[in-house]
Amino acid sequence: MDIGSLTLLIIASMTVLLMLGVPLAFVSGAIAVVLTVTQFGWNGLFIVGSRTVEFLDSFALIAVPMFVIMASIMEKSGVARDLYRAFHVWAGGLRGGIGVVTTFVAVLLGATTGIIGGEIVLLGLIALPQMLKLGYDKKLAIGTITAGGSLGTMIPPSIILIFYGLTAEVSISHLFVATLLPGLMMALLYITYILIRCGLNPAMGPPLSEEERNIPLREKLALFGGVALPMLVAGGVLVSIYAGFASITESAALGAFGAAVVAWVRGAFSFAMLRDVLVQALRTCGMVFWLVFGTNALIGVYNLMGGIGFAREMLVGLSSEPGVILAVMIGVFILLGFFIDWIGILFLTMPVFLPTLQSLGYDPIWFGVVFNLSMQIAYLTPPFGPACFYLKGAAPEGIDLQDIFAAQWPFIGLQVLALIIVVLWPGLSLWLPQLIYG
Amino acid sequence: AQATEFKMQTFLGANASTTKAFEAMAAQLKEDTGGEVSITVLPGKAVVGAGETIDAIQNGLLDGQYTAPSYFAGKDAALGVLGDTLAAYPDSVTRDRWFTEGGGLELARALYGKYDLYLVCPVHWPSEQIPSTVEIKSVEGLEGLKMRAPGGLASDLLSRAGASLVTMGVGESVTAMETGVLDATDLANVALNVALGMHNQAKYSVLARHSMAVTEMSVSMDKWNSLSSENQGKFEEACNAMSAALVKTLTAEDAAAEAKAKSEMGVTFIAFGDEDAAKFRKMTTEVWNDWGAKSADAQAVVDSHKAFMTSIGLN
Amino acid sequence: MSFLDRFALWLGRMTAWCFAAIVLIMVYEVAARYGFNAPTTWAHEVSILLASIGFVIGGAFCMAERTHMRISLLVDRRPRLASFSEALGLVAGAIYLGGLSYAAWRMAEKALWRFSLSGAWDPERSGSTLNSPLPGYLKALLFVGCVLFLLLILRRMLPLHNRWRLR
Ligand code: NA
Ligand code: NA
């Protein structure tokens with residue numbers, strides 16, 4: 001069977017298995033095993049095992065359980081509740097104010113992590129229950145967290161840009177600076193959307209009543225006193241990274257340690273709590289990483305079967321119009337983003353896209369931002385939407401995957417809008433690196 | 001005659017000069033053999049990780065590789081020793097004479113034979129340069145420096161010199177240099193260091209000869225034997241031609257990058273002097289003694305290098 | 001709940017402590033590097049091993065807990081599909097975990113069943129300064145975790161198989 005038919009077969013069987021309710025962790029893995037055995041025999045299964053071990057052997061991944069531990073401790077020790085009460089008194093007068101605050105928090109957290117996952121679980125554990133309790137619209141709350149939490153790789157540092165930089169052989173620092181303004185613009189788009197929706201329909205993000213808000217300033221400040229320590233921890237993680245105290249992953253671990261100390265100071269630390277927190281971390285990782293193992297294996301098999309060459313053929317003779325070729329490339333990013341992980345997309349497309357791009361004269365730094373932004377969309381789109389999976393791992397009872405996916409569409413729309421702006425206006429990405437590095 | 005396809009994974013990404021040279025070589029070889037030998041170039045990590053390509057070839061997934069033996073230092077000490085000659089030689093051109101004049105190629109081929117691999121040819125790879133935020137003028141200057149640990153023997157050498165090695169990925173080391181977690185890093189040649197933006201922060205580029213990596217191209221023995229001797233010759237010829245071409249392109253790229261780094265980024269280039277070279281060479285012997293003790297194969301490579309160095313007056 | 005399920009849950013709760021160990025190791029590492037200018041050679045590789053234990057066993061743990069994600073849209077609308085969906089899921093799981101277990105076994109055997117000329121155990125190593133047997137351990141760990149995961153799936157197929165036989 002030729003690679004084109006195999007590609008269609010893979011997509012079709014994936015869709016059918018997913019729709020029939022086969023656990024996501026098994027879908028791509030089972031397809032990868034069947035493909036490998038039929039194409040390369042039993043010895044070929046080595047690729048499935050090897051890619052899984054390769055994935056495990058990564059220090060960056062450790063940030064995910066560390067963030068989950070940090071979040072889970074804050075939630076269980078009541079810190080999260082106090083934090084949102086303090087936010088609410090200050091921002092509660094605004095329709096949708098807590099949604100805006102949550103997006104701000106997401107941007108700050110985004111600056112402390114290079115991968116998504118931990119940040120979404122953190123927001124899912126801390127912000128989601130509070131937003132729901134405050135009467136926020138379920139879909140709006142969910143979308144704010146998945147889209148906001150995905151900014152973890154849009155706001156520097158970002159593992160996606162590191163891998164892109166290594167592949168394209170362009171400056172990773174330039175990429176980090178270039179993605180900053182587009183990332184902040186996305187946050188601004190989310191905030192604007194929340195304000196408009198809640199402004200038109202206050203029931204979606206109800207403001208706090210006059211009586212609740214009108215408390216003496218001293219009491220308002222006192223509310224912050226209770227959350228000073230946890231904010232110090234979050235700030236500490238930020239400082240630890242940017243002052244060169246510890247690497248990104250180490251800083252996440254320091255944050256988890258700091259959260260435990262805070263809980264202990266507040267008298268909320270116990271053996272039982274610690275055990276629950278650790279199990280939550282295990283559950284999140286077990287759920288999401290196993291799902292990536294399978295996809296990751298499938299990508300390797302597909303590359304070996306000639307996937308990269310197939311991608312090249314698709315692009316050849318398509319058009320000579322640079323704009324059309326660029327549009328096709330972005331379309332491929334988004335289309336593949338429905339089904340596979342960013343790393344798979346990078347491996348499959350970059351060997352073909354990068355040389356083409358350079359011959360067309362496009363800026364590779366700007367293209368890195370375009371890729372990064374396309375992966376923001378990929379995080380949210382079903383059926384393979386990592387941001388949604390992470391949130392599912394942290395969401396309260398009664399919120400299932402369908403609810404989460406259904407909440408994404410307006411935010412995907414905003415991301416597409418952001419993508420169009422970044423594509424049509426390269427200066428937004430390239431101005432800041434030019435200013436800083438000359 | 002029927003066409004033979006070699007699926008080969010290389011060690012760097014799609015945009016690397018080495019990968020592009022490999023693709024050009026594949027096209028040339030296909031033309032030279034009238035389509036009888038074709039190579040499908042797979043970029044680094046496209047199929048398996050860098051340390052697993054030999055296993056992938058043995059399992060029939062890949063047919064060959066263009067990579068660095070250092071990646072297999074943990075699997076086989078002899079490949080670790082073969083993969084990096086550290087500060088033993090003054091430059092890689094002299095080192096590569098070990099392959100042609102010092103019996104290195106026969107030794108390496110025998111070693112690869114144990115993995116059912118045929119080493120087609122060693123491929124030129126330039127000297128590695130250390131981007132650093134502090135001035136390092138001598139071996140003593142490495143004392144207490146926070147550096148990213150390279151793999152294989154180079155880590156041993158730097159530890160001996162007193163550097164505090166921190167293990168992290170290449171990508172993370174870029175951020176770590178910017179924030180100051182690291183003072184210096186082991187990365188690659190000047191061109192790649194500049195391209196990846198290592199010198200935005202690091203204002204020094206140090207040639208310490210802490211690492212002189214070997215890269216090579218090898219293929220499955222069965223597949224190699226299935227080729228006609230004429231096509232085998234053409235394959236070897238194409239491999240050597242690629243290596244020769246890389247001497248030119250990589251040297252030119254390094255020179256251009258160096259000029260750019262000096263003029264536009266204010267980077268100061270430092271090369272260790274003869275005295276430090278001798279000091280590092282002595283330390284290299286100590287590292288070799290340790291690694292040679294790990295297996296008879298490793299010792300054989302060490303002995304061969306020592307003999308060749310004596311013969312050209314380096315000892 | 002079968003004995004195997006209870007065992008996987010217990011094992012998961014135990015291995016979760018690996019994450020706590022990582023937190024302490026990282027705190028120690030940063031203190032050692034920044035405070036005493038003497039980073040450890042082992043913190044990095046030991047953390048990767050500990051985290052991998054959690055990640056790998058986490059798969060079996062979620063299977064026992066029934067928390068692996070699925071898209072239940074169609075099954076919710078057509079409840080008659082439920083048992084077919086369950087069976088299909090288990091078959092897919094058995095194929096994936098069977099293949100992965102086999103691969104992991106072959107890799108682990110090759111990485112661990114190695115001896116030097118003197119007869120001393122010589123597992124595959126990382127090649128780093130520490131040169132720990134991390135790759136060998138990761139492969140063995142993956143095998144153990146996969147087999148447990150596979151057994152959980154097969155155990156859950158048992159009642160389905162019996163029901164099919166009664167028809
Ligand atoms: Na980030
Ligand atoms: Na998606």
Side-chain angles (χ1 to χ4, degrees), chain A residues 17-27 29-30 32-34 36-37 42 45-50 52-53 56-59 61-62 65-66 69 245-246 249-250 253-254 256-257 260 274-275 278-279 281-287 289-291 293-294 297 382-383 389 392-393 400-402, chain C residues 12-13 15-20 22-27 29-30 33-34 44 47-48 51-52 54-62 65 67-76 81-82 84-86 88-89 91-93 95-100 102-104 106-107 134-135 138-139 141-142:
Chain A
L17 291 178
L18 284 171
M19 289 315 294
L20 285 172
V22 170
L24 289 124
F26 301 155
V27 173
V33 166
V34 171
T36 311
V37 173
W42 293 101
L45 283 175
F46 170 76
I47 192 176
V48 178
S50 178
T52 307
V53 171
L56 286 174
D57 194 358
S58 147
F59 193 61
L61 276 189
I62 299 179
M66 295 301 113
I69 290 170
F245 193 66
T249 307
E250 287 165 348
L254 295 184
F257 186 75
L274 183 60
R275 189 191 53 205
L278 296 173
V279 167
L282 185 90
R283 181 180 298 120
T284 305
C285 297
M287 261 185 196
F289 289 162
W290 272 87
L291 210 143
F293 289 170
F389 300 152
K392 170 66 184 138
D400 55 24
L401 209 49
Q402 288 94 283
Chain C
R13 283 194 297 271
T15 49
W17 287 94
C18 291
F19 295 133
I22 296 173
V23 173
L24 295 178
I25 289 174
M26 288 291 119
V27 170
E29 162 75 7
V30 173
R33 182 187 335 132
Y34 198 78
H44 191 90
S47 298
I48 288 179
S52 297
F55 299 163
V56 168
I57 301 298
F61 177 83
C62 289
E65 258 198 345
T67 40
H68 277 297
M69 281 175 260
R70 50 204 286 266
I71 295 173
S72 55
L73 197 70
L74 198 65
V75 176
D76 288 348
L81 272 175
F84 173 71
S85 165
E86 163 96 3
L88 188 66
V91 170
I95 291 174
Y96 174 43
L97 270 307
L100 189 55
Y102 172 76
R106 292 270 310 267
M107 291 169 66
L134 179 68
L138 285 181
K139 289 166 186 178
L141 166 69
L142 183 64

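Order of the sequence lines sets the chain letters (A, B, ...), proteins ahead of strands, with each chain counted from 1.
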Chemist: Report which part of C:F61 has an atom under 4.5 Å of a heavy atom belonging to chain A: side chain, backbone, both, or neither.
Modeler: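 The side chain, not the backbone.
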Chemist: Sort A:V33 into side chain, backbone, both or neither according to what part of it lies under 4.5 angstrom from a heavy atom of chain C.
Modeler: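 Only the side chain of A:V33 comes within 4.5 Å of chain C.
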Chemist: Taking all heavy atoms of C:H68 and all of A:A25, pick out the closest pair and write down the distance.
Modeler: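 It is ND1-CB, 3.9 Å.
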Chemist: Looking at A:R275, is its backbone amide N or carbonyl O close enough to the side chain of C:W17 to form a donor-acceptor pair, meaning the two atoms are under 3.5 Å apart?
Modeler: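 Absent.
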Chemist: Can you tell me which of C:G54, C:C18, C:G12, C:G93 forms the most heavy-atom pairs within a distance under 4.5 Å of chain A?
Modeler: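 Winner by heavy-atom pair count: C:G93.
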Chemist: Is C:L142 in contact with chain A via its backbone, its side chain, both, or neither, using a 4.5 Å heavy-atom distance?
Modeler: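 Answer is side chain: those atoms of C:L142 sit under 4.5 Å from chain A.
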Chemist: Less than 4.5 Å to any heavy atom of chain A: does that hold for the side chain of C:E65, its backbone, both, or neither?
Modeler: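 For C:E65, side-chain heavy atoms alone lie under 4.5 Å from chain A.
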Chemist: Looking at chain C, which one of A:I69, A:V48, A:L20, A:L18 has the largest number of heavy-atom pairs inside 4.5 Å, strictly under?
Modeler: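 Looking at each of A:I69, A:V48, A:L20, A:L18 in turn, A:L20 comes out on top.
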Chemist: Under 4.5 Å heavy-atom distance to chain A, tell me which part of C:R13 shows up: side chain, backbone, both or neither.
Modeler: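 Its backbone and side chain both get close to chain A.
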Chemist: Ring-plane angle category for A:W42 and C:Y102, please: parallel below 30°, perpendicular beyond 60°, tilted otherwise.
Modeler: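 Rings of A:W42 and C:Y102: perpendicular, over 60°.
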Chemist: Could you tell me which portion of A:L61 (side chain, backbone, both or neither) has an atom closer than 4.5 angstrom to a non-hydrogen atom of chain C?
Modeler: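 Backbone plus side chain of A:L61, per the 4.5 Å heavy-atom cut-off to chain C.
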Chemist: Picking from C:E86, C:M69, C:M26, which has the most non-hydrogen pairs under 4.5 angstrom with chain A?
Modeler: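 Going by pairs under 4.5 Å, I would pick C:M69.
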Chemist: I need the minimum non-hydrogen distance between A:Q402 and C:S72, along with the two atoms involved.
Modeler: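 Heavy-atom minimum between the residues: NE2-OG, 3.2 Å.
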Chemist: Can you say whether A:M66 sits under 4.5 Å from chain C via the side chain, the backbone, both, or neither, judging by heavy atoms?
Modeler: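 Contact with chain C involves the side chain of A:M66 alone.
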Chemist: Working to the nearest 0.5 Å, report the span between CD1 of C:I22 and CD1 of A:I62.
Modeler: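 Those atoms lie 5.0 Å apart.
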Chemist: Please classify the contact between A:L24 and chain C as side chain, backbone, both or neither, with a heavy-atom cut-off of under 4.5 Å.
Modeler: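 Both backbone and side chain of A:L24 come within 4.5 Å of chain C.
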Chemist: Do you know the tightest heavy-atom contact between A:P23 and C:G89?
Modeler: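 Taking every non-hydrogen atom into account, CD-CA, 3.8 Å.
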Chemist: Among A:L282, A:V37, A:V53, A:V27, who wins on heavy-atom pairs under 4.5 Å with chain C?
Modeler: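 Result: the option with the highest number of such pairs is A:L282.
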Chemist: Name the member of A:C285, A:A253, A:P65 that forms the most heavy-atom pairs with chain C at distances under 4.5 Å.
Modeler: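 Sorted descending by pairs with chain C, the first entry is A:P65.
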Chemist: Quick check for you: among C:A60, C:G59, C:A51, C:A82, which has the greatest number of heavy-atom pairs under 4.5 Å with chain A?
Modeler: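 Heavy-atom pair counts peak at C:G59.
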Chemist: Test C:H44 against A:F59 for side chain to side chain contact (heavy atoms under 4.5 Å, CB included), laying out the working first.
Modeler: CA-CA 7 Å; C:H44 191 90; A:F59 193 61; 3.3 Å; yes
Chemist: To the nearest 0.5 Å, how far apart are CG in C:L138 and OG1 in A:T52?
Modeler: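 The distance works out to 11.5 Å.
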Chemist: Can you tell if the side chain of A:F26 reaches within under 4.5 Å of the side chain of C:L97, non-hydrogen atoms only?
Modeler: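 A:F26 vs C:L97: side chains touch.
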Chemist: What part of C:V56 is in contact with chain A, defined as an atom under 4.5 angstrom from a non-hydrogen atom: side chain, backbone, both or neither?
Modeler: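 Its backbone and side chain both get close to chain A.
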Chemist: Can you name the closest pair of heavy atoms from A:A30 and C:A92 and give their distance?
Modeler: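 For A:A30 versus C:A92, the nearest heavy atoms are CB-O, 3.5 Å.
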Chemist: Where does A:S58 contact chain C at under 4.5 Å (heavy atoms): side chain, backbone, both or neither?
Modeler: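 The answer is the backbone of A:S58.
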Chemist: Work out which heavy atom in C:A103 is nearest to a heavy atom in A:L45; give both atom names and the distance.
Modeler: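 What the structure gives for the nearest pair is CB-O, 3.2 Å.
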Chemist: Pick from C:L73, C:V75, C:I25: which one has the most heavy-atom pairs with chain A under 4.5 Å?
Modeler: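 Highest number of pairs under 4.5 Å: C:L73.
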Chemist: Would you give the length of the straight line joining atom CG of A:L278 to atom OG1 of C:T15, rounded to the nearest 0.5 angstrom?
Modeler: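 With rounding to 0.5 Å, CG (A:L278) is 10.0 Å from OG1 (C:T15).
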Chemist: Please classify the contact between C:V27 and chain A as side chain, backbone, both or neither, with a heavy-atom cut-off of under 4.5 Å.
Modeler: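 Contact with chain A involves both backbone and side-chain atoms of C:V27.
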Chemist: Indicate the ring-plane relationship of C:Y96 and A:W290, choosing parallel, tilted or perpendicular according to the 30° and 60° boundaries.
Modeler: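 Aromatic pair C:Y96/A:W290 classed perpendicular.
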Chemist: Picking from A:F257, A:F389, A:F245, A:F289, which has the most non-hydrogen pairs under 4.5 angstrom with chain C?
Modeler: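 Looking at each of A:F257, A:F389, A:F245, A:F289 in turn, A:F245 comes out on top.
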Chemist: Just verifying a value: how many Å separate C:L134 CG and A:D57 CG, rounded to the nearest 0.5 Å?
Modeler: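 Taking CG in C:L134 and CG in A:D57, the distance rounds to 5.0 Å.
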